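Taking it in order: structure first as C-alpha cells, then the write-up.
All figures in this text were calculated on a predicted structure; none of them were measured in a lab.
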Amino acid sequence: MPKKIQIERVSPDIPAKEFFSQFVSKRKPVVITGLLDDPSFQGRKWTDLDYLGAKAGDIEVMVEPIHPTANQYGTDVERVSMTFREFLNSLKDGEGPHPYLTTQYSEEDPDAETVFPPPTNALRDEFPVVPRIMGNLFLQQVNLWLGKSKAGSSSGLHHDFHDNIYCLLKGRKRFVLFPPSEVKHLYPYGTLATVHPNGLIAYEDIPVRSDGLSKRAACKARVRALERKIDALKAKSKGKGKAKGVSKEMKALMEAHDEALDELAELALDEQEGEEEVDDFDALMGGLDDFEDAGAAGPSKGPDDEDDEDEAEEWTGIGHSDKEDDDNEAGDDGQDDSEEDSDEDEDDDQMALGDTKAGPTEPSSFSRIPTAHLHRYLDLSTTAVLPSTFSPSDFPGLKKTTDPYVVELSEGEMLYLPASWWHEVTSTSADETVGGSGIHMAFNYWFYPPDALDNFDAPYRDTLVWDYLRQKDTLPDGSHEPGEKTRTGKRARGSVGGEASKKARH
C-alpha cells in the first residue's frame with residue numbers, strides 16, 4: 001500500500017506575489033486555512049438555503065442524479081432540469097440519494113456556457129471576479145457545487161484543464177491527488193498528445209496551447225490585437241506625413257496581420273475538412289467580426305456534458321475539440337512525458353495513455369480506473385461499487401504511480417490545484433444537527449493556466465494575445481470583467497467539459 005503524503009498549508013492572508021512564487025509558479029497544490037479575504041466575498045451566507053433560495057431561487061438549473069449501480073456522480077446519467085428553489089427544497093428531504101448541482105450548460109445549446117453560469121449569475125455581487133490571492137491570472141469560469149450525501153459520494157478520478165481555487169463552504173471533501181506526470185499510469189480515456197512544461201495535459205482530440213487557448217481562439221485574438229495596433233498607429237500618424245519610422249512599423253504590423261489571417265484561414269479550412277467547400281472568405285473566418293469570447297472559455301473540464309461528437313464546434317479554451325492540425329503543439333512546448341519511460345511493459349503503458357483500438361466513451365481527462373479500486377488500493381473508505389467486469393490486472397500501472405496526496409478539506413478552507421493535477425473527490429455532508437441543512441457546498445474558480453511561470457505581473461507568454469484579452473475585458477474602473485459567452489463545443493452526457501473534457505463533480 002502506498003504512502004499518503006501530507007500537503008502544505010498556508011494562511012489566506014498570504015500576499016498574492018508570494019503565493020504565486022511559492023505555489024502557482026511551482027505548479028504545487030496547497031491548502032489555504034481560511035476562505036477568501038476579499039471584502040466582496042459573501043459565500044458564507046450561501047450555506048443558509050433559505051437565503052440562497054431568495055437570492056437565486058427562480059433560476060433554472062440542471063442537476064445530476066447519482067448513478068444507480070456505480071453509486072457515484074460523473075457518469076452518463078441524464079441530468080434533470082428544475083428551478084434552483086426546487087433543487088434546494090429537494091435537499092431538505094431526508095430521503096436520498098439526492099441530485100447534485102455541478103457545472104451548468106444548456107442541453108440545447110452547449111456553446112452557451114458562460115463564465116458565470118446559473119446560479120452564480122444571480123450571486124455576482126457577492127464574490128470577486130478575480131480573488132486577491134490569485135494575482136494576475138485570467139478567469140475562465142466560476143461554479144457552485146451543492147449536494148447531500150451522508151456516506152460520501154465520489155467524482156471519479158480525473159483532471160481539469162484550468163487552475164482551480166476551491167472554496168469549501170459546508171461539509172467535508174477528501175481529495176486524492178496525483179501530479180500531471182502520472183498520466184502515463186492513470187489510464188485516461190483520451191490519447192495523450194503532450195504534457196506542457198506548466199503541467200497542462202493535451203490530448204489528440206484536445207490540442208490546446210500551454211495557456212489553455214485553442215490555436216484558433218488565440219489566432220482570432222492575435223488578428224484583433226494587430227488590427228487595434230494598426231488603427232492606433234494610423235491615428236497617431238495622422239497629419240504627421242510619412243515618417244520612415246512610422247511606415248516601417250506599419251509595414252511590420254500589416255505583414256503580421258496578413259500572416260495571422262492566413263493562419264486563421266488554414267485553421268478554418270482544417271475544420272471544414274470533409275464538409276462542403278466554403279468559398280466566402282467571411283464565412284470561412286467563422287464570425288471573426290463577432291469575436292467576443294476568446295478569453296472566457298472550458299471542461300475539465302468542467303466538472304459536465306451532452307453527447308454529440310459529430311458537431312464539434314469552435315471553442316476558446318480547454319476541453320473542446322478543434323479538429324485542427326496539432327503537429328506543432330507538442331514540439332512547441334515540451335515532450336510527451338511518456339517518452340521518458342523505458343520500453344518495459346510498453347503495451348500496458350500504451351493502454352494507460354489511452355492508446356486503445358476502441359474510441360473513448362468518456363471525456364479524455366477522466367481515468368478508466370474504477371473509483372472503488374482506487375479507494376481499496378489506497379486503503380480509503382468508499383461507497384463506490386466495482387463494475388461486474390472489473391479485474392485488478394486491467395490496471396497494473398496504478399502500482400507504478402508516485403505516492404499520492406490525500407487531502408482532508410474542512411469547511412472554511414480552500415484548496416489551490418494547478419491545471420491537470422489528477423484528483424478524485426469524495427464529498428460528505430455536514431451533520432444535520434449542526435446548522436440543520438446536512439449539505440456539502442463549494443464554490444470554485446477556474447483560471448487559464450499560466451505559462452510564464454517566472455512573471456507574476458504577466459503570467460502568460462503570448463503577451464500580444466493576452467494583453468488584448470485583458471484590455472478587451474477591462475471595465476472603466478479598471479476591474480476585470482471576462483467575456484460573458486464561451487463557445488465550448490458539444491459535451492458528453494454526464495460530463496463536465498465536453499465529450500473530450502468532462503469536468504468533474506467536486
What's the verdict on side chain to side chain donor-acceptor pair (under 3.5 Å) for Thr371 and Glu424, showing C-alpha distance, side-chain angles and the deciding distance?
CA-CA 8 Å; Thr371 299; Glu424 180 276 327; 5.3 Å; no
Let's go through Tyr460 and Tyr448 carefully: what are the C-alpha distance in whole Å and the side-chain angles of both, what is the deciding distance for ring pair (Phe, Tyr, Trp, His ring centres under 6.0 Å) to 0.1 Å, and is it a yes or a no?
CA-CA 9 Å; Tyr460 302 100; Tyr448 285 93; 7.2 Å; no
Run the numbers on His196 and Phe161 for ring pair (Phe, Tyr, Trp, His ring centres under 6.0 Å), then give the verdict.
CA-CA 12 Å; His196 292 292; Phe161 294 87; over 10 Å; no
Asn444 and Asn164: CA distance, side-chain angles, deciding distance, side chain to side chain donor-acceptor pair (under 3.5 Å) verdict
CA-CA 7 Å; Asn444 90 295; Asn164 188 352; 3.1 Å; yes
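Looking only at distances, no side-chain donor or acceptor of Asp205 sits under 3.5 Å from a matching main-chain atom of Gly190.
With rounding to the nearest 0.5 Å, the separation of CG in Leu380 from OG1 in Thr426 is 8.0 Å. Taken to the nearest 0.5 Å, the CG atom of Asn136 stands 8.5 Å off from the CZ atom of Phe20. Taking NZ from Lys184 and NZ from Lys400, the interatomic distance works out to 10.5 Å, rounded to the nearest 0.5 Å. Separation of atoms CG (Leu144) and SG (Cys167) is listed at 10.5 Å; rounding is to 0.5 Å. How far NE2 of His158 is from OG of Ser420: 11.0 Å, rounded to the nearest 0.5 Å.
In this structure, Leu36 and Met414 approach most closely via the heavy-atom pair CD2-SD, 3.5 Å.
Of the candidates Ile14, Leu409, Ile165, Ile32 forms a side chain to side chain contact (heavy atoms under 4.5 Å, CB included) with just one, namely Ile165.
Ring pair Phe19/Tyr416: centre-to-centre distance below 6.0 Å.
Evaluation of the salt bridge (Lys or Arg N to Asp or Glu O under 4.0 Å) rule for Arg228 yields no partner, not counting sequence neighbours. With sequence neighbours excluded, no residue forms a side chain to side chain contact (heavy atoms under 4.5 Å, CB included) with Ala252.
Between Asp37 and Arg132 there is a salt bridge, with a side-chain nitrogen of the basic residue lying less than 4.0 Å from a carboxylate oxygen of the acidic one.
Taking the ring centre of Tyr468 as origin, the terminal cationic atom of Arg224 falls outside the region bounded by 6.0 Å and 45° from the ring axis.
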